[in-house]
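Letters A, B, ... mirror the listed sequences (proteins, then strands); counts begin at 1. Because the structure is predicted, anything quoted here is derived from the model rather than measured.
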Protein chains: 2
Amino acid sequence: MTNASPAPKSRGKTSGTGNDPFAAIADPTRRALLDMLLEGEQPVAALVDRVDVTFGAVSQHLKILREAGLVERRAAGRQRIYSARAARLAEVDAWVAQYRRFWSEKLDTLGDYLDETS
Amino acid sequence: MTNASPAPKSRGKTSGTGNDPFAAIADPTRRALLDMLLEGEQPVAALVDRVDVTFGAVSQHLKILREAGLVERRAAGRQRIYSARAARLAEVDAWVAQYRRFWSEKLDTLGDYLDETS
DNA sequence: CTTATATTTTAGGTATTACTAAAATGTCAA
DNA sequence: TTGACATTTTAGTAATACCTAAAATATAAG
């Protein structure tokens with residue numbers, strides 16, 4: 001027997017980019033946006049010219065981040081001011097935390113990683 | 001003016017699922033596989049019957065995880081034994097760490113780290 | 001050599017993603 | 001009102017992701 005089909009596979013609820021923080025931070029542009037907001041709240045236009053995609057694209061990314069609970073929006077005149085709302089990243093952090101003991105039984109500086117050690 | 005095109009946009013190097021740990025852990029099945037490997041190294045077949053996709057799909061996921069440096073493979077007879085290689089998650093951890101102060105100025109029981117540096 | 005086992009790879013399909021350009025919405029100001 | 005500004009939404013497209021079934025590879029055993 002070659003393969004055992006595990007079910008008809010409805011392909012229906014993959015949760016998607018919206019609302020899942022892991023999916024939300026998978027995109028490098030979205031991480032860049034979050035990083036910018038880490039410096040403080042900003043209107044969309046301020047983010048746009050640091051990011052090399054169109055205004056529309058940034059707006060769409062912000063929507064995804066907002067649906068994931070990672071940013072907040074506030075109205076100010078005709079602007080929309082966005083700010084980071086990192087609480088939702090706690091879910092990601094909790095997951096990664098399980099693995100911490102694997103790479104650092106000794107937790108050094110916490111500032112340098114990226115190695116191979118093999 | 002409606003939009004300012006930021007460049008022809010070659011759509012070429014989005015890094016993709018392979019080799020980018022953020023993209024690698026975006027998929028829930030892959031996170032599940034990593035979680036299983038956290039219990040200890042395992043041959044592919046052992047993972048397959050806890051995951052509800054075909055053998056082929058699991059093999060593909062493991063390939064992506066391997067390309068991202070998140071798992072290791074070892075041969076044992078005709079089996080391939082996989083094990084978690086969490087070091088690469090340090091990159092994710094480092095990124096998330098920037099945000100920790102946002103949701104916990106007091107860092108309770110989470111993973112318990114000395115983030116500091118600010 | 002032949003067959004069974006364990007896994008990987010390929011081919012093909014469908015869904016989702018990320019992007020752009022343009023249209024739509026909402027707000028401010030003359 | 002009219003027009004400019006700030007942002008969002010829509011429509012359409014190309015690339016990517018994930019999945020299955022089946023073929024291919026590799027090792028072990030009779």
Side-chain angles (χ1 to χ4, degrees), chain A residues 1-20 22-33 41-49 51-68 71 73-82, chain B residues 1-20 22-33 41-49 51-68 71 73-82:
Chain A
M1 200 179 297
T2 314
N3 259 332
S5 311
K9 221 46 187 154
S10 60
R11 307 272 322 89
K13 282 262 81 52
T14 324
S15 80
T17 305
N19 76 53
D20 176 14
F22 286 94
I25 66 171
D27 184 83
T29 301
R30 279 191 300 266
R31 286 198 302 279
L33 291 171
E41 54 172 31
Q42 315 204 34
V44 184
L47 301 166
V48 168
D49 44 55
V51 112
D52 197 47
V53 291
T54 58
F55 214 118
V58 170
S59 186
Q60 288 167 102
H61 278 308
L62 289 170
K63 183 180 188 178
I64 289 166
L65 288 171
R66 198 150 49 85
E67 288 171 350
V71 301
R73 187 170 57 165
R74 167 169 78 80
R78 47 193 148 183
Q79 307 192 115
R80 294 294 183 277
I81 315 287
Y82 282 82
Chain B
M1 201 178 294
T2 315
N3 260 329
S5 311
K9 224 42 191 157
S10 61
R11 309 274 315 89
K13 283 264 79 48
T14 323
S15 78
T17 306
N19 74 52
D20 175 15
F22 286 93
I25 66 172
D27 183 85
T29 301
R30 280 191 299 266
R31 287 199 301 280
L33 290 171
E41 56 172 32
Q42 312 203 35
V44 184
L47 301 166
V48 169
D49 45 56
V51 113
D52 198 47
V53 290
T54 58
F55 214 119
V58 170
S59 186
Q60 288 167 101
H61 278 308
L62 289 169
K63 184 181 188 178
I64 289 167
L65 289 171
R66 197 151 51 86
E67 285 170 353
V71 301
R73 188 170 56 167
R74 166 170 77 78
R78 49 193 145 181
Q79 307 192 114
R80 293 295 180 276
I81 314 287
Y82 282 83

Give the angle between the helix axes at the two ends of the helix from dC1(C)-dG30(D) to dA30(C)-dT1(D), taking five base pairs at each end and rounding to 10°.
->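 The value is 10°.
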
Quick one: does Asp27(A)'s side chain get under 4.5 Å of Ile64(A)'s, heavy atoms only?
->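 Side chain of Asp27(A) against side chain of Ile64(A), heavy atoms only: no contact under 4.5 Å found.
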
Is Thr17(B) close to Arg30(B) at the side-chain level, that is, under 4.5 Å between some pair of heavy atoms?
->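 A side-chain contact under 4.5 Å exists here.
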
Taking [atom1] from [X] and [atom2] from [N], how many angstroms apart are they, rounded to a whole number?
{"X": "Asn19(A)", "N": "dT16(C)", "atom1": "CG", "atom2": "P", "answer": "13 Å"}
{"X": "Glu67(A)", "N": "dT16(C)", "atom1": "CD", "atom2": "P", "answer": "14 Å"}
{"X": "Arg73(B)", "N": "dT7(C)", "atom1": "CZ", "atom2": "P", "answer": "11 Å"}
{"X": "Asp20(B)", "N": "dT17(C)", "atom1": "CG", "atom2": "P", "answer": "16 Å"}
{"X": "Asp27(A)", "N": "dA17(D)", "atom1": "CG", "atom2": "P", "answer": "11 Å"}
{"X": "Ile25(A)", "N": "dT17(C)", "atom1": "CD1", "atom2": "C1'", "answer": "17 Å"}
{"X": "Gln60(B)", "N": "dT9(C)", "atom1": "CD", "atom2": "P", "answer": "9 Å"}
{"X": "Ile64(A)", "N": "dT8(D)", "atom1": "CD1", "atom2": "P", "answer": "13 Å"}

Has [X] got a side-chain N or O lying under 4.0 Å from the OP1 or OP2 atom of [N]?
{"X": "Thr54(A)", "N": "dC19(C)", "answer": "no"}
{"X": "His61(B)", "N": "dA17(D)", "answer": "no"}
{"X": "Tyr82(A)", "N": "dT8(D)", "answer": "yes"}
{"X": "Thr17(B)", "N": "dA17(D)", "answer": "yes"}

Contacts of type salt bridge (charged side-chain N to carboxylate O under 4.0 Å, His left out), residue Arg74(A), not counting sequence neighbours |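 Result, salt bridge (charged side-chain N to carboxylate O under 4.0 Å, His left out) vs Arg74(A): Glu41(A).
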
Answer with base, sugar-phosphate or nothing: what part of the nucleic acid does Arg30(B) contact at a heavy-atom distance below 4.0 Å?
->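 Contact class for Arg30(B): sugar-phosphate only.
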
Just checking Arg66(B): base, sugar-phosphate only, or nothing, at a heavy-atom cut-off of under 4.0 Å?
->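 Nothing: the residue Arg66(B), judged by heavy atoms under 4.0 Å, touches no strand.
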
Which atom pair, heavy atoms only, marks the closest approach of Val53(B) to Val48(B)?
->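 For Val53(B) versus Val48(B), the nearest heavy atoms are O-CG1, 4.1 Å.
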
State, to 0.1 Å, how close Ala26(B) and Ala23(A) come at their nearest heavy-atom pair, and which atoms those are.
->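 Taking Ala26(B) first and Ala23(A) second, the nearest heavy atoms are CB-CA, 4.3 Å.
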
From His61(A) atom NE2 to Leu33(A) atom CG, the distance as rounded to the nearest 0.5 Å |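 His61(A) atom NE2 to Leu33(A) atom CG measures 7.0 Å (nearest 0.5 Å).
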
N/O-N/O pairs, protein side and nucleotides 1-6 of chain C side, under 3.5 Å:
| unit_1 | atom_1 | unit_2 | atom_2 | d |
| --- | --- | --- | --- | --- |
| dT5(C) | O4' | Arg78(B) | NH1 | 3.2 |

Side-chain (Arg73(A)) to main-chain (Ile81(A)) donor-acceptor, under 3.5 angstrom |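 Absent.
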
